[in-house]
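See below for the structure under consideration.
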2 protein chains.
Amino acid sequence: MKIDPDNKADLSAQIAEAIRDAIVSGQLIVDERLPSEAELADHFAVSRPTVREALKRLAAQSLIRTQRGAFGGAFVNRLSYPEAYGQQITTATLLLSMNAISFDVACEARYALERACTPLATLRRTPDTLATMRAEIHRQGHPGLTDESFCASDVAFHRALVDSAGNPVLSYQLAGAVEAMQPLMNMITFTARSREAIVGFHTRIADALSSSDAEAAQTALTELEAYTLTLGRDVMAARAPK
Amino acid sequence: MKIDPDNKADLSAQIAEAIRDAIVSGQLIVDERLPSEAELADHFAVSRPTVREALKRLAAQSLIRTQRGAFGGAFVNRLSYPEAYGQQITTATLLLSMNAISFDVACEARYALERACTPLATLRRTPDTLATMRAEIHRQGHPGLTDESFCASDVAFHRALVDSAGNPVLSYQLAGAVEAMQPLMNMITFTARSREAIVGFHTRIADALSSSDAEAAQTALTELEAYTLTLGRDVMAARAPK
DNA sequence: TTACATTTAAATGTCTGACAATTTAAACGC
DNA sequence: GCGTTTAAATTGTCAGACATTTAAATGTAA
């Protein structure tokens, strides 16, 4: 069931992989209890610290959870949407920050994905998601808002747009793309004029969703993308020349 | 720089979080060497096994890599696209398999995301990606292909389609969506007739990309989605009635 | 002087054994 | 029968030791 050849990789990595395979292949099902650390150590013929390192690796990926005490132990964890969101966001954020992704590329990806949602969103938008979008638009019009708060509200607006599509898999996928952009967006200084323009686009998008006009929503999103791109390029241009 | 309050969570989890925060906030930059395990243990006032568990957690997320020997240690890892792909795929696969995502929802998300790529793909498709798509189409026509191989070729075709968009962030995002569908697709039995139909759709998509006809590509994708949906529903209907 | 072999030191990987903390189930007493 | 106590099982943490690996420092010979 779980064996362990004598290759040269870390034992804890090998053991973690063996258990991970057992989980993804369905040999271990959700909420099933793994053998105790002592039993695993015996099974794999290693020491308990080595087993523990393997289990911590799995815990870091939310594949298992541990419980102390009698009849405690490590249990196969049901990967919930919030956990998956979280991993998705941290991975996407690191990928962008560590690989010198240009503003243009990130922006293009984000809006392409959002446009993928709009046809569904026009069909399925609920009063709830529309209200969220309207509320964020209203907040964005407040003059005293810091740039960072404006950005956060922008993210909230776009997440509501994505959630409007009513498809949890899409929401999960796009959470990373939208949130990972935030550090890049935070570098932008939003003038009163640019804020006004963005609020205008947001209003058009919300109106289009209200009236189930998919084409208008697409157009507004595309124009917002172009506008965001000019804002970003201005920032990059101002930072680059040294 | 990294402190540690006296709350009740696992020490190794707290330490891992402290180091992770230092990485994402930029205090620790790519390829920078972390203090040795002994130094970290001293700094956080814990034992070395506890530090090691924390480091293994970070290693499981590809945030650090370790190197043995003198002048070895733990280094901040540049999260590469392949690593990010891998995490994305395992997370998406688990999310789908553990949360009873219906075939319909997964299928809808996948094709919505692929449609997001087509406008860009018609602009940027290269001879290389087109050749890959044609090659996979040709393979799919081979009669001796097992269902599983047919599925794998299907995934390869769609990955080539996504890669045609020439946006690494999009490719990364969609890798999970496309690959995670594979276990669901593997449950489908592809008859000669359904294979012929799918090859027809694929050919239309490749042709549309060749001639830079975005609208035709979108239409073909939408029809392929509808067709895949009927195939999937037949399988589900055949499995459900007990 | 240069090239190669050897030594050495620093670091991670692993083991052993122990104790602390926590939690549940069973035993006990009323 | 019910509340309390005890016991057992399990994870969390620690200390110290040894093995292994790696690269720099050192020594040696051509």
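Letters A, B, ... are given to chains in the order of the sequence lines, protein chains preceding strands, and every chain is numbered from 1.
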- Query: Mind checking what makes side chain to side chain donor-acceptor pair (under 3.5 Å) contact with A/Arg134, not counting sequence neighbours?
  - Reply: A/Asp207, A/Ser210
- Expected list for residues 58-70 of chain A near DNA chain D, using heavy atoms below 4.0 Å, is A/Thr66, A/Gln67, A/Arg68, A/Gly69, A/Ala70
- Note on the structure: Taken to the nearest 0.5 Å, the spacing of B/Asn167 CG from B/Arg124 CZ works out to 6.5 Å
- Apply the test side-chain hydrogen bond (donor to acceptor under 3.5 Å, both in side chains) to residues A/Tyr81 and A/Ser171: give CA-CA distance (whole Å), side-chain angles for both, the deciding distance (0.1 Å), then the verdict. CA-CA 9 Å; A/Tyr81 277 103; A/Ser171 292; over 6 Å; no
- Task: Answer yes or no: is there an ion pair linking A/Arg110 with A/Asp154, defined by an N-O contact shorter than 4.0 Å?
- Result: yes
- Note on the structure: Per-nt protein contacts along nucleotides 14-19 of chain C (heavy atom under 4.0 Å; B base, S backbone sugar-phosphate only, - none) come out as BBB-B-
Side-chain atoms of residues 57-65 of chain B: list all donor-acceptor pairs with protein atoms under 3.5 Å, sequence neighbours left out, distances to 0.1 Å.
unit_1  : atom_1 : unit_2  : atom_2 : d
B/Arg57 : NH1    : B/Ser12 : OG     : 2.6
B/Gln61 : OE1    : B/Arg20 : NH1    : 2.4
B/Ser62 : OG     : B/Gln87 : OE1    : 3.3
B/Arg65 : NH1    : B/Asp31 : OD1    : 3.4
B/Arg65 : NH1    : B/Val76 : O      : 3.2
B/Arg65 : NH1    : B/Asn77 : OD1    : 3.3
B/Arg65 : NH2    : B/Asp31 : OD1    : 3.0

- Query: Within the distance-only criterion (no hydrogens, no angle test), does the side chain of A/Gln173 pair as donor or acceptor with the backbone N or O of B/Leu174 below 3.5 angstrom?
  - Reply: no
- Give the rounded distance in Å between these two atoms: NZ of A/Lys56 and P of C/dG13. 17 Å
- Looking at residues at least two apart in the chain, or sitting in another chain, which of them share a side chain to side chain donor-acceptor pair (under 3.5 Å) with B/Gln140? B/Ser153, B/His202
- side-chain hydrogen bond (donor to acceptor under 3.5 Å, both in side chains) contacts in which one or both residues fall within residues 176-186 of chain A, not counting sequence neighbours: A/Arg159-A/Glu179
- Could you check how far CD of A/Glu39 sits from C1' of D/dT11, rounded to whole Å? 13 Å
- Message: How many whole angstroms separate atom CG of B/Leu40 from atom C1' of C/dT12?
- Response: 12 Å
